[in-house]
Protein chains: 2
Amino acid sequence: MSQDPAARQSSGHQSSEHPSPEHRTDGLLASLVAAEGARAKTATEFVEATLKKGILTGALPAGMALRQEELAREFGLSRMPIREALRQLEAQALIDFLPHKGAVVTEISLDDALDIFAIRRALETAAFALSIANLRPDDLSRAIETIAEIDAEADPARLGHLNRQFHMTLYACAGRPKLLALIEVQLASYDRYLRFHLSARGREHMAQDEHRAMVEAAAARDVATAVAILERHIDTAAEALKQFYAAREAISGGA
Amino acid sequence: MSQDPAARQSSGHQSSEHPSPEHRTDGLLASLVAAEGARAKTATEFVEATLKKGILTGALPAGMALRQEELAREFGLSRMPIREALRQLEAQALIDFLPHKGAVVTEISLDDALDIFAIRRALETAAFALSIANLRPDDLSRAIETIAEIDAEADPARLGHLNRQFHMTLYACAGRPKLLALIEVQLASYDRYLRFHLSARGREHMAQDEHRAMVEAAAARDVATAVAILERHIDTAAEALKQFYAAREAISGGA
DNA sequence: CCTGCTAGAATTGGATCCAATCAACATTGG
DNA sequence: CCAATGTTGATTGGATCCAATTCTAGCAGG
């Protein structure tokens with residue numbers, strides 16, 4: 001049964017029943033389940049990837065309770081792969097797992113975002129500094145290419161992916177796989193903020209100018225300048241998010 | 001059944017059977033199962049904590065295959081809590097989980113250790129810089145106290161814990177919980193190296209002089225000096241480990 | 001003698017079932 | 001009328017069972 005996860009929901013023993021009105025995740029997950037495609041070896045991996053994407057893109061909003069049985073119905077599976085997937089998501093700090101109470105999508109606050117920015121600043125500057133000397137011309141051209149793709153892309157979810165791709169391309173030659181893996185996790189976590197951040201302030205906040213400046217400094221092998229730009233890049237993003245939260249607070253507080 | 005994990009192995013329906021000669025983890029885990037105590041709400045948490053300690057202390061060496069059924073026998077549980085615990089350990093990069101093949105304790109190499117040092121250097125310097133201004137006198141005295149405890153402690157496993165405690169005390173006032181949590185994970189990962197590193201080179205490599213210098217610089221609120229000492233502290237540890245691996249390579253290569 | 005195939009065992013992935021726990025609600029005594 | 005308590009429902013934690021996959025050993029054929 002694990003050879004074709006994409007066809008799982010059509011295994012057909014509980015597809016058309018239970019049109020009960022209390023299933024809140026149905027419409028939200030249906031598209032994700034279909035979009036995830038057939039790239040997954042086991043059902044657990046499939047569920048994990050789908051839920052992860054759902055959380056990062058915001059389809060599963062913060063604070064939402066994830067009922068095991070309900071998810072099992074949505075995916076057309078038993079509760080077991082759901083449970084194992086939830087365990088792994090908990091280890092990635094995407095959900096909170098309270099014993100006997102269930103799983104809840106972790107809340108995101110400004111403080112959490114500032115934590116992520118602090119972590120990113122520390123890790124990415126280190127990786128960038130290590131990587132610059134080893135960057136090949138095709139790495140740089142790929143980075144420039146990604147900048148163009150970002151300009152052309154409209155979908156916020158894809159934008160997050162492209163932004164991640166751009167940054168990772170510049171760090172890829174650091175020769176520190178665990179460091180890079182950790183950065184990728186943090187960048188993925190940032191997607192949760194990037195999404196509603198973009199929707200509120202527009203795509204200008206991708207700061208493409210700084211992206212280009214990073215590539216230029218890297219091409220010139222100017223580590224100090226490159227790192228300085230990256231630091232400012234992250235700091236301005238943090239500042240923008242701070243203002244966004246302040247504005248939102250003013251609205252909800254004044255109303 | 002989840003009210004007393006410490007008494008789990010004596011639930012008694014499969015205790016004295018199966019003294020088969022092929023169970024390799026029996027002696028290794030027995031002490032750990034007993035030592036973990038009763039502090040765990042669910043069986044899964046209990047198993048996870050026990051295995052984690054086993055891996056970090058080296059009782060479960062790198063490359064060891066973790067058979068689910070065998071572990072279930074050891075713990076006196078079914079395979080299910082084992083499976084969920086293994087999933088979480090995989091997310092912490094302590095084991096590799098190959099579909100249909102099983103779980104293996106992740107190998108540790110010099111490159112991996114250098115990765116951890118690079119990550120620690122980036123994260124800890126950032127946290128230390130943020131924390132210094134907020135450190136209270138009792139934080140500093142607690143750090144000094146921990147230095148003394150390190151001098152008095154003989155057990156390598158406890159040494160790792162104390163070393164972690166010392167560092168975390170100095171970073172605790174950074175006001176960035178996620179950053180601190182990440183550092184703690186990395187420091188715990190480092191325990192795997194610290195252990196055989198200590199056994200080979202002696203406790204002098206805890207570098208207590210640098211520990212004291214860090215506290216002094218922090219007390220003087222001298223961020224630049226403190227960060228510089230910390231960087232050197234980590235770099236010298238990395239260098240020591242490099243030499244250790246080189247020496248081991250020379251032995252095994254020459255024999 | 002070596003190579004490729006096949007059948008079996010070993011092991012994991014997934015489903016179903018039962019027990020323990022928690023929350024809410026009704027009930028009863030003060 | 002309020003508070004403490006028992007009870008019931010929902011939900012998760014854990015156990016057992018079955019299916020799918022991988023590895024291995026043995027055998028036939030070249």
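Residue numbers begin at 1 in each chain, while the letters A, B, ... track the order of the sequences. These numbers come from a predicted model, not from an experiment.
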Quiz item: Taking NZ, NE, NH1 and NH2 as the nitrogens, is one of them in B/Asp111 or A/Lys178 under 4.0 Å from a carboxylate oxygen of the other?
Solution: no
Self-check item: Under-4.0 Å side-chain N/O to phosphate OP1/OP2 contact, B/Thr44 with D/dG14
Solution: yes
Quiz item: CZ of B/Arg87 versus P of C/dT12: gap in Å, rounded?
Solution: 12 Å
Quiz item: Rounded to the nearest Å, what distance is computed from the CZ atom of residue A/Phe46 to the P atom of nucleotide C/dG13?
Solution: 18 Å
Practice problem: Could you tell me the separation between the CZ atom of B/Arg83 and the C1' atom of C/dA15, rounded to a whole number of Å? | Solution: 10 Å
Quiz item: Could you give the CE-to-P distance, from A/Met80 to D/dA15, as a whole number of Å?
Solution: 11 Å
Quiz item: B/Leu71 has an atom CG; how far is it from atom P of C/dT12, in whole Å?
Solution: 9 Å
Filtered N/O pairs between nucleotides 10-12 of chain D and protein, under 3.5 Å:
| from | atom 1 | to | atom 2 | distance (Å) |
| --- | --- | --- | --- | --- |
| D/dT12 | OP1 | A/Arg67 | NH1 | 3.4 |

Practice problem: Using a strict cut-off of less than 4.0 Å between a Lys/Arg side-chain nitrogen and an Asp/Glu carboxylate oxygen, indicate whether A/Glu45 and A/Lys41 qualify as a salt bridge. | Solution: no
Quiz prompt | Short N-O contact, A/Glu84 and B/Arg83, less than 4.0 angstrom | solution = yes
Practice problem: To the nearest Å, give me how far apart NZ (B/Lys41) and C1' (C/dA20) are. | Solution: 16 Å
Self-check item: Integer-rounded Å distance: C/dG13 P and B/Glu84 CD
Solution: 13 Å
Quiz item: Charged N to carboxylate O under 4.0 angstrom, A/Glu124 versus A/Arg120?
Solution: yes
Self-check item: Flag for B/Thr106-B/Arg192: side-chain donor and acceptor within less than 3.5 Å
Solution: yes
Quiz item: What is the distance, rounded to the nearest whole Å, between atom CG of B/Leu77 and atom C1' of D/dG13?
Solution: 11 Å
Quiz item: So, do B/Ile95 and B/Phe97 sit near enough that their side-chain heavy atoms are less than 4.5 Å apart?
Solution: yes
